[in-house]
Amino acid sequence: MMTHNYQVTGMTCSGCENKVKSSLLLLPEVTAVDVSKDTKSAKITMTNHIDLAVLQQALGNHYQISLPSGGASTEEKKSCCATHTHQKAPIIVHPAQAGKFYCPMHCEGDKVYDKAGSCPVCGMDLVQQPIINHSVEYTCPMHPEIITDKPGDCPICGMDLVRKETSISEENKSYKNLLGKMKISLLFTIPIFIIAMVGMFHPNPLNRIMDDEKWNWVQFILSIPVVFYTCWMFFVRAYKSIITWNLNMFTLIGIGAGVAFLFSVFGLLFPHLFPQEFESDHGSVHLYFEATTVILTLVLLGQLMEAKAHDKTSGAIKALLKLAPTEAIVVVNGIDQPISIHDIKKGDLLRVKPGDKIPVDGKINQGFSSVDESMITGEPIPADRKEGDNVIAGTINGTRSFVMQADKIGSETLLAQIVQMVEDASRSRAPIQKLADTIAKYFVPIVVVIAIITFFIWQQFGPEPRLIYGLINAVAVLIIACPCALGLATPMSVMVGVGKGAQVGVLIKNAEALEKMNKVDVLVIDKTGTITEGKPSLEKIVSFDNNEDDLLKKIASLNQQSEHPLAKAVVDFAKAKSVKLVSVNDFETIVGKGVVGTYEGSKISLGNQKLMEHIGAIVSASIAEKVIAEQQLGKTVSYIAIDEQIAGYITITDAIKETSKNAIAELLNQGIEVIMLTGDNENTAKTVAEELKLSSFKAGCLPEDKLKEIKKLQATGKIVAMAGDGINDAPALAQADVGIAMGTGTDVAIESAKITLVKGNLQSIVRAKKLSHHVMRNIKQNLFFAFFYNVLGIPIAAGVLYPVFGLLLSPMIAALAMSFSSVSVIGNALRLRTVKI
């Protein structure tokens, strides 16, 4: 019996806890499970060790299970160390999926495999999840057997060690393997094709060397390497698809090419068993070795092109992965020392030189510089960063050197979270994909039936040689049909679209959010941090007994225990005036109203009108008049009460973002209603709404009020997107059809919404809307192409044009068309990389 601790993400309620617990208890080795959504943990007691992949499979797509950030449990470490040399894991790859392979058509959802191969459902080559090995090794150019994880000199010859690349992509191995087989296929297929084509001339010039029967044997011998080596995998996949009844593209290829090859072999060995209709003008049986090998080689070409194209579709993820540097410079006792990124600890001081990539998330401790954050935020202008400012891993330092303190390392960094989010979203399924899945399920059996009907119609009503026509056209029908084009239509567009979004700071959690964003007709937004900068500053403090300094000391001491942006503005203002703060007892935050506490025996309250009503403080008409005048200027006003008596008030300003006005105008022009729901007062809210020309607004909203308003809008049939800070607005974000978390820098709340905007401005919502539109249009183009291709291609292959135009489709042309259909779908999806959003 053993017990392991795991981290489980994706749980939001007690129902999720029960679901995770019941799913894990279904495993026979599991005897007890203790789950907590609050700590995102699962304590599992098991009779035998269970691989992480098995646990993930048990949980399905909705929850992700991984080892705790501290690493493996004691038992797992012992098990690992007993058989393997310890290696450090890549810093930004999800533990449950690192180095895994998945089907590009997502036939089994998020299921991943440990090894390269083909999908057991659709037969397509599995694609490796983008991964980069961040470990750095050094070797001697003269003595390659010398390998170390630190720079230095060779112990044998003394030469400086050079950096060694340690990772080789399995995806590249697969591509090179296919490329090698393609060259061999061409080497044997081209002579077969030439022999067959020259044989159509009368007289056949090759007969001067040998007769047709001997040339047929040459074609047979040359076809063996193609059929039984380079393209044998297609027949293996076809066989697996039939015995498991997961019929797919390779079922059709295997049947079509297999029938043509077996027919040719029997025609070569037993020509006397065939009726006269099968004989050529020379008296020998028509053989189709050239059709078989050309078909298989063209299918192989299609697989080769797909492998190359798949590498481009995940290019955005790979580009993000490459942003993370492999080394850093740690400052120890004033001395700079090179260090592997794996060895960085929280609190380490790191020197970032001009032009270097910032290694981890943290704050500038000494110095200042401009930082190019375009790879994370999508904003091309470098951001000025000074002491105390946050900096993000993967961004590029400008022309000055500075020292930073490491705050978030490894998988905690913003870059790591972005990569994981993009990977998860790339492999999610959009609702529109259900249509393609339903059709693909019945597609192959229907095509086989059509091929059989084609054969019998030609055999009964076609011209002589009827059997030949029937066989060739039936094979053409089998070969031209391509269910993979249908299956790839949606996932390819989603993968490229999600990657494109990540490059401009629009992080999409799943494909469903991407699809729904295109349908949104109402956008609900918060004020502070969404429309405004979210960096409020205290403009003035008004004391009715003319003792502003004493009142400031009291409210600043009270607010030093609060994390609210308004509280920070008060504390910063007091610090700027060198006010000495003291401790406050009985501190309490009253959500949506303000804060209260006890200061030297007096009860201090700071908040809005609702808080004053809550504590029983009466706001006189004269005070209310002064406050309203401030609010009508767009300022936020908080009352100060001492022992339930109004003692004064403060005015706080929070500038409207420069991007808000243009973004809201553009959204309104697109026919989207923009509604502001804010906890601020009526007068301030009205001023902001009028300035921005919003559709409507509602002031004084508590979190539950925002939730109710969104439900009301949805009840009228509206598709609602909600943009908030991702923390205080969590209920509303969860209820909205599309929750959008606004964030800046490392404080972005990636887990709180379906779409996260790294830059945190409304212009990014416009980008998200445009991206959604482009992706959905691209998906529809792909689906139309796939449907139209099969609707047009199958009848032509069956011979419907022959009675009128005398045209038939060669199986070789059908194979070429089939191979390029999937590649065309991928190519169309790749166009999304160039769209402007």
Side-chain angles (χ1 to χ4, degrees), residues 122-123 234-235 237-239 241-264 266-267 273-278 285-288 291-292 294-296 298-299 435-487 785-819 821-822:
C122 71
F234 300 146
F235 294 103
R237 294 176 187 179
Y239 173 73
S241 72
I242 294 172
I243 61 173
T244 60
W245 206 244
N246 290 318
L247 305 181
N248 53 53
M249 173 182 76
F250 297 102
T251 313
L252 303 177
I253 294 170
I255 294 174
V259 167
F261 181 74
L262 292 176
F263 173 87
S264 301
F266 273 88
L273 298 180
F274 288 81
Q276 187 175 358
E277 292 92 333
F278 284 88
V285 176
H286 282 282
L287 304 182
Y288 299 98
T292 302
V294 170
I295 287 169
L296 292 174
L298 288 172
V299 174
L435 173 64
D437 291 344
T438 301
I439 293 174
K441 181 179 179 181
Y442 301 101
F443 183 83
V444 174
I446 290 174
V447 171
V448 173
V449 171
I450 293 174
I452 294 172
I453 293 173
T454 298
F455 175 80
F456 281 107
I457 289 177
W458 278 94
Q459 191 269 333
Q460 290 292 325
F461 306 105
E464 293 294 346
R466 291 180 294 176
L467 291 175
I468 291 294
Y469 278 119
L471 178 65
I472 294 302
N473 290 325
V475 170
V477 169
L478 291 170
I479 295 300
I480 199 169
C482 185
C484 286
L486 284 172
F785 176 80
F787 281 126
F788 179 78
Y789 167 82
N790 284 295
V791 168
L792 184 65
I794 292 175
I796 293 176
V800 295
L801 298 180
Y802 184 81
V804 179
F805 301 102
L807 296 177
L808 288 175
L809 190 65
S810 164
M812 290 181 287
I813 301 300
L816 183 64
M818 184 280 299
S819 294
S821 63
S822 294

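One is the number of the first residue; the rest follow in order along the sequence.
- Considering only residues two or more places apart in sequence or on other chains, Phe788 meets the ring pair (Phe, Tyr, Trp, His ring centres under 6.0 Å) condition with Phe784.
- Across Ala238 and Gly254, no two heavy atoms sit closer than the pair CB-CA, 3.8 Å.
- Rounding to the nearest 0.5 Å gives a distance of 10.0 Å between CG of Leu808 and CD1 of Ile472.
- The ring pair (Phe, Tyr, Trp, His ring centres under 6.0 Å) test applied to Phe235 returns Trp232, not counting sequence neighbours.
- Judged as a side chain to side chain contact (heavy atoms under 4.5 Å, CB included), and not counting sequence neighbours, the contacts of Ile796 are Leu792, Leu801, Leu809.
- The CZ atom of Phe261 sits 11.0 Å away from the CZ atom of Phe266 when rounded to the nearest 0.5 Å.
- For the residue pair Phe234 and Leu296, the shortest heavy atom distance occurs at CE1-O, 3.7 Å.
- When all heavy atoms of Ala474 and Thr454 are compared, the pair lying nearest together is N-CG2, 4.1 Å.
- Closest of all the heavy-atom pairs between Gln460 and Arg466 is O-NH1, 3.4 Å.
- Results of the ring-ring contact (aromatic ring centres under 6.0 Å, His included) test with Tyr469 over Phe461, Phe456, Trp458 single out Trp458 as the only residue that passes.
- The one candidate from Val475, Leu467, Asn473 that meets the side chain to side chain contact (heavy atoms under 4.5 Å, CB included) condition with Phe455 is Leu467.
- Taken to the nearest 0.5 Å, the CG atom of Leu478 stands 8.5 Å off from the CD1 atom of Ile452.
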